[in-house]
Every structure is written in C-alpha cells, then in structure tokens.
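Please read the structure below before turning to the comments.
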Amino acid sequence: MSLPETTRLGHGISVIPLPLPFASPAWVNAYVLETTEGLLLIDCGVDWEPGRDRLGAGLADLGLADRPIHTLVVSHLHPDHVGMAPRLVAETGCRLVLHRNSLAGIEVYNDTPGLATWTEAFAIRHGVPDSLQGPFSALFRPDWMPLLQAPSDVVNDGDLISLGSGRHLEVLHTPGHEHAHICLRDSLTGILFSGDHILPKITPVIMWDRTDLDVLGLYLDSVARLAELKIGLTYPAHGVIVERGSQRAEQIALHHDRRLSTMEGILEAGPMTAWQVMGHAFRPHLTTLEQRLALRETVSHLEHLRLDERILRFESDATAWYRMP
C-alpha cells in the first residue's frame, strides 16, 4: 500500500503519514498543529530513518520546516506512536506530553525482559501448546524502539492544552487499548484526534495485561463516552478521516458485543482454554505476533464475560479453563 501524501486539513492542521516497519498498519498519522508559539505535533511514529526523513520532508512541503516544534503530545505508549519521541525531545527541545498513567506504563514499556517473562507465564496459563511456547515468548527490542524517559508534562482527563489565541485541545482519557490512551478535542472545530481509540476500518486490539483490570470493560466505557458526546469529524492515528466519530464508536461497540456472544457460543461445546477459544474465534494460520495479540484479546473478552458472570473460570494444573455456568 502506497503512503498517503502530506496534506493540509484546514484550520492550521496538517497530517504527515509516517511509514512504519511492518505491514499493518503501514503508517501512522502525525498531525501538525500551527500555534502561536510554533508547532504542536500529535504522535511521531517509530525511530527509524524512513520515518525521520518523511517527517522532515513533510514539514518542508508544508512550509513549516523553520518553525519550532515546541510540544509533542503522544496519544499512548505504543512504539508506533511514541517511538521517535526521545530523539525529537533531544533534537528540538520540545516538551513531551502524556497521560498521567504513562508514569507507571513507561516502566513496562522499557522492560522487554520483564515482558518476555510475563508472556511466558501467560502462555503457560492460557494453554499455548508446549511446542509453541518458546517462539510465543521470544521477544526482542528493535532499534526503532529506544527507551523512554518520563514526560516533561502529564495530563489528566479534562485538562486543556493551549494552542494560543484562546484555542485549546481538551484531553479525553480513553483507556482500554492502552491505559494511558488519550483523545484530543479541538475547541475551535470540535474535531477529535482519536489516536487508536477510534479507527475507520479496523478495531484496536484490546490486550489483557499485567494489571488484571477489565481492559475490555474500560475500552467499552470509553467508546460509549465518545458515542454520547456526538463526535463528528474524527482524525485517527491510522487510516483515513472518519466523518462521524460517534457513529463509528457505536459500530465498534457492536463488534465487541458480537465477539463476546461468539465466545459464549464456542464455550457451549464444553470447557476450553483461552488458546482453544482463540483457535475457533480467529482466522487460522496466524503469525506468532498475531497469535500473541489474538490470545491477549481473547483473554480480555473471556475475563470480561467472567466478571459479568456470563461464564466461569476454573484452574487445573496451573492452567486457566473457561466454561459456561
């Protein structure tokens, strides 16, 4: 898929699609907002040469290369959104703005060995076959994912990020895809910068994690909030512009309702591990990375069903099994 062009979107907002080093998603949308102090950037892609070159070329195409980047706001702690942040902070002196939950999340982001250990235990607990556990748990840190430092500024839900002349971005905390995820609403236009929370064609993976929180419940609550806000024009981190953000939020909620019902139907056949449920609920022939993501998404749905008392979990030989009541 070819990379979209750098585009002026109006109202001092432009988008520079930055290439990513994997097939899907192939790029991340970096939004450039012109402010009274210079430029504010929303998301920055991973730290690799094609992305750095495209950001520089995009700013030049927009005639903004000589204007300083004074603020980088990152929607959440995934490398395709925050990977280039350490370099941009070092080279431009811009302030890095993240949600307050990032203060705990950065430790996890930086700890690849710890994540590998957790992934191994997760695989064993949820029924990954012995022959696949080695590849499933083998994690490495790519060069384009440097270690993160703490942000210079943290924000909470409802905070305002000034753009000058009375204009601001309102912070909407939308956890689920990631605990520090935020959306940003422009006070001038009402446009929502949705990060990965609302995407035009796909739904973000909702991954069970070390916190043992109901991550799917958090996500569905966040989606419902946007639906109630009657969001219109929405600028996502991947893909094309969404004309009616609240309508897309409702579609995403229905998708997860269907997936929950599907998993209940799968368990009608009898007790299963999350790995077995995943095998029925997802397409076959997944890559190892896709299996990792699909299993964590499966567990997030099963645990949501369990907490809602729609299914039960029991333990056998250090393995978690799920069944209908």
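Values reported hereafter were calculated over all heavy atoms of this structure, with side chains retained and with hydrogens, waters and symmetry mates removed. Since the model is a prediction, treat every value here as computed from it, not as a measurement.
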Group every Ile, Leu, Val, Met, Phe, Trp and Tyr by side-chain heavy-atom contacts under 4.5 Å, then state whether [X] and [Y] land in the same group.
X    : Y    : value
L199 : Y219 : no
L233 : I252 : no
W321 : M263 : no
L72  : V154 : no
W48  : L18  : yes

Residue D143 excluded, over 12 heavy atoms near CG under 6.0 Å: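 Result for CG/D143: open.
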Would you call [X] and [Y] a salt bridge, using N to O less than 4.0 angstrom?
X    : Y    : result
R167 : D186 : yes
E303 : R306 : yes
R248 : E243 : no
D157 : R100 : no
R67  : E37  : no

Measure the spacing between [atom1] of [X] and [atom2] of [Y] and express it to the nearest 0.5 Å.
X    : Y    : atom1 : atom2 : answer
L216 : H301 : CG    : NE2   : 4.5 Å
I266 : M278 : CD1   : CE    : 11.0 Å
I106 : D111 : CD1   : CG    : 13.5 Å
R225 : L220 : CZ    : CG    : 15.0 Å
L96  : T71  : CG    : OG1   : 10.0 Å
T298 : Q276 : OG1   : CD    : 12.0 Å

Which heavy atom in [X] sits nearest to a heavy atom in [Y], and how many Å separate them?
X    : Y    : value
C183 : L226 : SG-CD1, 4.3 Å
P4   : R54  : O-NH2, 2.7 Å
D80  : P25  : OD2-CG, 4.4 Å
P86  : P146 : CG-CG, 4.1 Å

Ring-ring centroid check H173 H197, cutoff 6.0 Å: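 When the ring centroids of H173 and H197 are compared, they turn out to be at least 6.0 Å apart.
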Centroid-centroid under 6.0 Å between H181 and H99 rings: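 That pair fails the under 6.0 Å test.
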Test item: side-chain donor near acceptor, [X] and [Y], under 3.5 Å:
X    : Y    : value
D196 : H238 : yes
D214 : H304 : yes
D43  : S75  : yes
T112 : R141 : yes

Test side chain to side chain contact (heavy atoms under 4.5 Å, CB included) applied to V215 and R296, step by step: CA-CA 10 Å; V215 287; R296 289 179 68 174; over 6 Å; no
Parallel, tilted or perpendicular: rings of W118 and F122 (30°, 60°):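 Parallel, since the angle between the ring planes stays under 30°.
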Geometric class of the H81/H76 ring pair [parallel <30°, tilted 30-60°, perpendicular >60°]: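 Answer is tilted, since the angle falls between 30° and 60°.
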Worked check of side-chain hydrogen bond (donor to acceptor under 3.5 Å, both in side chains) between D317 and T319: CA-CA 5 Å; D317 296 328; T319 301; over 6 Å; no
L312 side chain near Y322 side chain, heavy-atom distance below 4.5 Å: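 They are not in contact (no side-chain heavy atoms under 4.5 Å apart), so the answer is no.
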